[in-house]
Amino acid sequence: MNGSILALNAGSSSLKFRLYEVHGEQFTLILRGQFDGLNATPHLTVKEASGKEIADLDLELEDNMREDMLSRIFEIIVPYTVNNPLRAVGHRVLHGGERFSAPVLLDDAVLDYLETLVPMGPLHQPANLASVKLFRKIRPDLPQVACFDTAFHVNIDERAARYPIPRRYGDKGYRRFGFHGLSYTYIAERLHQISDYLARKRSVVAHLGNGSSLCAMRNGKAVDTTMGMTPLGGLMMGTRSGTVDPGLVLALIETEGLSPADLKHMLYYDSGLLGVSGISPDLRDLLASDEPYAAQAIALYVFSATREIASMAASMEGMDALVFTAGIGENSAVIRKMICDRLAWIGVTLDEEANQANAAIISAPESRIEVRIIPTDEEVVLAKQTAKVIGEGEHGEAAA
Ligand code: AMP
């Protein structure tokens, strides 16, 4: 495929986009942009791949805010697509449910199905689908592709996928799906590029960002993962609780009188680092704070991540490599050290200098487990998956 692809990552409070030029297998980043603060004062930043600033401004958006933003994206990219026409938009979509284990061309039927999955991702799925619908309205001529965060995990071990609840619910699709699949796809490809030998080994990939999860990976495939049917499960996160005793949820309903809406808000927006610290969901704020609750929130985060890393190792009956990625994993030497120190018993020995320097390999030579930092790139995966679907369509193959 030749031309340009727009990759879109629409969250509940931000919207990121990237424009890629595509020539066959070659993907070149042209432009990156982000709308932040969608729930307060929207702010737009756009840069060329070289770093040259194109826009950095607060926006006054009306009620049709999202439509306005998407129209602006099309205006911004016009001069960059003159010689390489825009061929398609790739959307990051949280949940593909049981039906989609690969990227798919979006049409009415696909959208209808994806709508039914909103309860499995009430924070992200509506924002993802809202952008899809608006794009279809603004540019009905343009093919749009959904790339799913669940797809990477589609073949996880059945023992990890099935919840121990009555079969009739499991058979209806209440099961572990797992998320952050675009990030794990990228890391799996990088591991393969770095060394085939390494890619075949048992790796635990720690995607530690505002949303945090782990993936137990072997041979470029997911074996187990910490998030569940929804992206609320697993590790403690910025504002999400991660896994808690289901009995706690029942108690909060029965004794505290919380409604389903109260609970949803509490578990998605008001828990995790924010809930425990009472200060911020952002790890940088907590690291900079002298408040004891900030330190306690960090300690819980590290404890939760370490415990789950060991559980991913148990799912693979061993672990040969640990990979850190995403905002915290890529940038916070302090958190990596706290986690690695707690994993000494399993064979992790950190190279302190390499860790401070955010080096590619941060384990000491004698470490039984190799520890790496691999910066993730979900958007390039979006662009590649989108181009593949469009290319297959051009060659008359089924796109789904
Ligand atoms: P992400 O969701 O991947 O963008 O990651 C966001 C998280 O990464 C936030 O909690 C940030 O505080 C954290 N983060 C980003 N840079 C750093 C850094 N240099 N040190 C510590 N945490 C960081």
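Indexing begins at 1, ligand by ligand and atom by atom, following the structure's order.
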Using a strict cut-off of 4.0 Å, indicate which atoms of ligand 1 neighbour a heavy atom of [X].
X: S332; result: 20 (N), 21 (C)
X: G209; result: 1 (P), 2 (O), 3 (O), 5 (O)
X: A326; result: 3 (O)

What do you reckon, does [X] have a nitrogen or oxygen under 3.5 Å from a nitrogen or oxygen of ligand 1?
X: R284; value: yes
X: N210; value: yes
X: L283; value: yes
X: G327; value: yes

Starting from [atom], what is the nearest protein heavy atom, named by residue and atom, and what distance separates them?
atom: atom 18 (C) of ligand 1; value: N331 CB, 3.4 Å
atom: atom 9 (C) of ligand 1; value: D282 OD1, 4.0 Å
atom: atom 13 (C) of ligand 1; value: I328 CG1, 3.5 Å

Qualifying residues under side-chain hydrogen bond (donor to acceptor under 3.5 Å, both in side chains), relative to Y169, sequence neighbours excluded
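Y169: no side-chain hydrogen bond (donor to acceptor under 3.5 Å, both in side chains) contacts found.
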
Taking the six-membered ring for Trp, are the ring centroids of [X] and [Y] within less than 6.0 Å of each other?
X: H95; Y: F177; result: yes
X: Y113; Y: F100; result: yes
X: F135; Y: H91; result: yes

So do the side chains of H153 and Y184 get within less than 4.5 Å of each other, counting heavy atoms only?
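Heavy-atom side-chain distance check passes, below 4.5 Å.
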
Decide whether Y80 and E48 meet the rule of one side-chain donor and one side-chain acceptor closer than 3.5 Å.
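Yes.
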
Any protein heavy atom lying closer than 4.0 Å to atom 4 (O) of ligand 1?
no

Give a yes or no on whether H23 atom NE2 has more than 12 heavy-atom contacts from other residues, nucleotides or ligands under 6.0 Å away.
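It does: H23 NE2 has more than 12 such atoms within range.
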
Step by step, work out the salt bridge (Lys or Arg N to Asp or Glu O under 4.0 Å) result for D107 and R136.
CA-CA 9 Å; D107 59 22; R136 293 181 91 211; over 6 Å; no

